[in-house]
Trainee: 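Let me give you the structure first, and then I'll get to my questions.
Atom set for the values below is all heavy atoms of this structure, side chains included, hydrogens, waters and symmetry mates excluded.
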Amino acid sequence: MNILVLNGSPRGEGSNTLKITRAFLEGISSQREVSVDLVDISKADISHCRGCFACWLRTPGVCVIKDDMQHLIQKYVGADMVIGSFPLYYFGMPSKLKAFLDRTLPINLPFIELSESGTCRHPSRYDMSGKGYVLISTCGFCSVENNYEALLKQFEIIYGENLTKIICTEGELFRAPQLEKRTGEYLSCARQAGREYASSGSITADTAKKLSQPLYAPEVFIEMANASWGIGKPHDTENN
């Protein structure tokens with residue numbers, strides 16, 4: 001199995017999300033032979049889409065911009081599974097990863113098709129039906145609610161039933177060595193998720209539930225998170 005990991009975190013190898021992704025990959029590789037290609041999107045030369053539609057008209061399937069997307073889009077199409085690994089940025093994805101997704105336009109055809117549900121889509125230029133997609137994301141909040149809805153909807157529209165999601169709130173806690181016991185438990189669960197995915201192409205409901213649980217109670221997390229900045233809140237500072 002060829003796996004393409006799109007590390008969308010600007011922190012690169014220091015990404016909290018990537019720790020979970022690597023645990024998930026360890027679980028998969030324990031069950032089957034895999035080849036993992038990890039791309040640090042933040043370091044890649046990816047220009048923004050110009051909206052010129054040359055990839056549909058003048059050079060079908062090929063973008064006219066000469067940058068790293070020339071080979072990255074080949075990796076994307078050729079992978080058996082694509083993992084998007086990144087933190088939540090302002091209720092969405094880091095901008096460089098969004099630029100990557102915008103630049104995958106050449107893999108689609110310009111024609112519009114209407115599905116039975118009434119949704120308009122551009123059909124794929126390639127057979128992508130057997131490809132698996134996994135979204136692994138962390139955030140610095142303690143709740144998915146009113147934080148992840150926009151991002152999740154976008155990925156659900158793009159990848160449909162082929163999408164598997166692992167969303168870890170309170171992700172900044174993975175930076176704290178003193179919390180390794182608790183974060184280690186979460187990583188063990190992520191490895192189990194990888195083993196399950198390798199065997200069945202999905203994660204069991206029990207494992208998914210464990211992965212969706214916050215690392216600590218919200219009030220405990222908020223206290224730790226606020227204290228970690230080492231500065232007081234505005235109302236804690238006396239006005240001179």
Side-chain angles (χ1 to χ4, degrees), residues 3-12 14-28 38-39 41-42 81-98 100-101 131-176 179-180 182-198 200-222 224-225 228:
I3 302 176
L4 174 64
V5 178
L6 302 173
N7 178 16
S9 173
R11 293 177 179 174
S15 166
N16 294 313
T17 314
L18 191 58
K19 295 176 183 178
I20 300 173
T21 299
R22 290 196 183 281
F24 181 75
L25 289 170
E26 289 170 8
I28 293 179
L38 192 152
V39 176
I41 294 297
S42 64
M81 181 170 72
V82 176
I83 299 178
S85 173
F86 58 91
L88 185 74
Y89 267 36
Y90 227 90
F91 313 108
M93 68 189 80
S95 59
K96 198 70 170 287
L97 185 60
K98 181 58 167 64
F100 173 92
L101 283 180
K131 195 186 303 291
Y133 301 92
V134 179
L135 166 61
I136 302 178
S137 181
T138 61
C139 73
F141 295 130
C142 53
S143 173
V144 170
E145 186 177 359
N146 292 327
N147 293 313
Y148 267 102
E149 286 82 352
L151 176 68
L152 294 179
K153 188 62 177 179
Q154 182 174 6
F155 271 68
E156 288 164 2
I157 291 173
I158 296 173
Y159 301 119
E161 61 183 15
N162 291 335
L163 176 66
T164 297
K165 295 166 287 189
I166 297 177
I167 306 300
C168 176
T169 57
E170 305 180 0
E172 283 296 299
L173 298 183
F174 282 86
R175 291 193 302 161
L179 301 179
E180 285 182 353
R182 180 65 185 95
T183 56
E185 292 171 353
Y186 191 95
L187 294 178
S188 294
C189 193
R191 292 186 190 93
Q192 176 61 25
R195 289 190 288 269
E196 294 170 358
Y197 191 93
S200 64
S202 62
I203 299 172
T204 65
D206 181 61
T207 299
K209 182 179 180 180
K210 291 178 181 177
L211 288 170
S212 68
Q213 297 298 312
L215 298 172
Y216 289 92
E219 57 274 13
V220 175
F221 166 74
I222 291 173
M224 289 191 294
S228 70

Trainee: Could you walk me through whether T21 and I166 pass the side-chain contact (heavy atoms from CB on, under 4.5 Å) test, one step at a time?
Mentor: CA-CA 9 Å; T21 299; I166 297 177; over 6 Å; no

Trainee: Do N147 and T169 touch side chain to side chain, with heavy atoms closer than 4.5 Å?
Mentor: no

Trainee: Does any non-hydrogen side-chain atom of Y148 lie less than 4.5 Å from one of C139?
Mentor: yes

Trainee: Check L211 against A190 and note the closest heavy-atom contact, atom names and distance.
Mentor: CD2-N, 3.9 Å

Trainee: Heavy-atom distance under 4.5 Å between the side chains of Y89 and L97, does that happen here?
Mentor: no

Trainee: Under a 4.5 Å cut-off applied to non-hydrogen side-chain atoms, are I222 and C142 in contact?
Mentor: yes

Trainee: Between the main-chain N or O of N146 and the side-chain N or O of E149, is there a donor-acceptor pair closer than 3.5 Å?
Mentor: yes

Trainee: Between OG of S202 and CG of N162, what distance do you get to the nearest 0.5 Å?
Mentor: 12.0 Å

Trainee: Could you tell me if the side chain of E196 sits less than 4.5 Å from the side chain of T207, heavy atoms only?
Mentor: yes

Trainee: Got a salt bridge between R11 and E172, using NZ or NE/NH1/NH2 to carboxylate O under 4.0 Å?
Mentor: yes

Trainee: Between T17 and T138, is any side-chain donor less than 3.5 angstrom from a side-chain acceptor?
Mentor: yes

Trainee: Rounded at 0.5 Å granularity, tell me how far CE in M81 sits from CD1 in I28.
Mentor: 3.5 Å

Trainee: Are the side chain of R182 and the backbone of L215 linked by a donor-acceptor contact shorter than 3.5 Å?
Mentor: yes

Trainee: Is it the case that over 12 heavy atoms from other parts of the model lie below 6.0 angstrom from the OH atom of Y186?
Mentor: yes

Trainee: Where do E170 and P214 come nearest, in terms of heavy atoms and distance?
Mentor: OE2-CB, 3.4 Å

Trainee: Looking only at heavy atoms, what is the nearest atom pair of G12 and L18, with distance?
Mentor: O-CD2, 3.8 Å

Trainee: Taking the side chain as everything from C-beta on, heavy atoms only, tell me whether M93 gets closer than 4.5 Å to L101.
Mentor: yes

Trainee: Rounded to the nearest 0.5 Å, how far does SG of C189 lie from CG of D206?
Mentor: 8.0 Å

Trainee: Of the non-hydrogen atoms in C168 and I20, which two are nearest, and what is the gap between them?
Mentor: CB-CD1, 3.7 Å

Trainee: Got a sec: does the NZ of K131 have more than 12 other heavy atoms crowding it under 6.0 Å?
Mentor: yes

Trainee: How long is the span from the CD1 atom in I41 to the OG atom in S95, to the nearest 0.5 Å?
Mentor: 11.5 Å

Trainee: I want to check something: taking the side chain as every heavy atom from C-beta on, are K96 and P94 in contact at a cut-off of under 4.5 Å?
Mentor: no

Trainee: To the closest 0.5 Å, what do you measure between OG (S85) and NZ (K19)?
Mentor: 12.0 Å

Trainee: Atom OH in Y197, atom CD1 in I203: separation rounded to 0.5 Å?
Mentor: 8.5 Å

Trainee: Tabulate below the donor-acceptor pairs under 3.5 Å that side-chain atoms of residues 150-160 make, not counting sequence neighbours, or state none.
Mentor:
| unit_1 | atom_1 | unit_2 | atom_2 | d |
| --- | --- | --- | --- | --- |
| E156 | OE2 | K165 | NZ | 2.7 |
| Y159 | OH | Y76 | OH | 2.8 |

Trainee: Between V39 and V5, is the side-chain contact (heavy atoms from CB on, under 4.5 Å) condition met? List the steps.
Mentor: CA-CA 6 Å; V39 176; V5 178; over 6 Å; no

Trainee: Does the side chain of V82 come within less than 4.5 Å of Y133's, by heavy atoms?
Mentor: yes

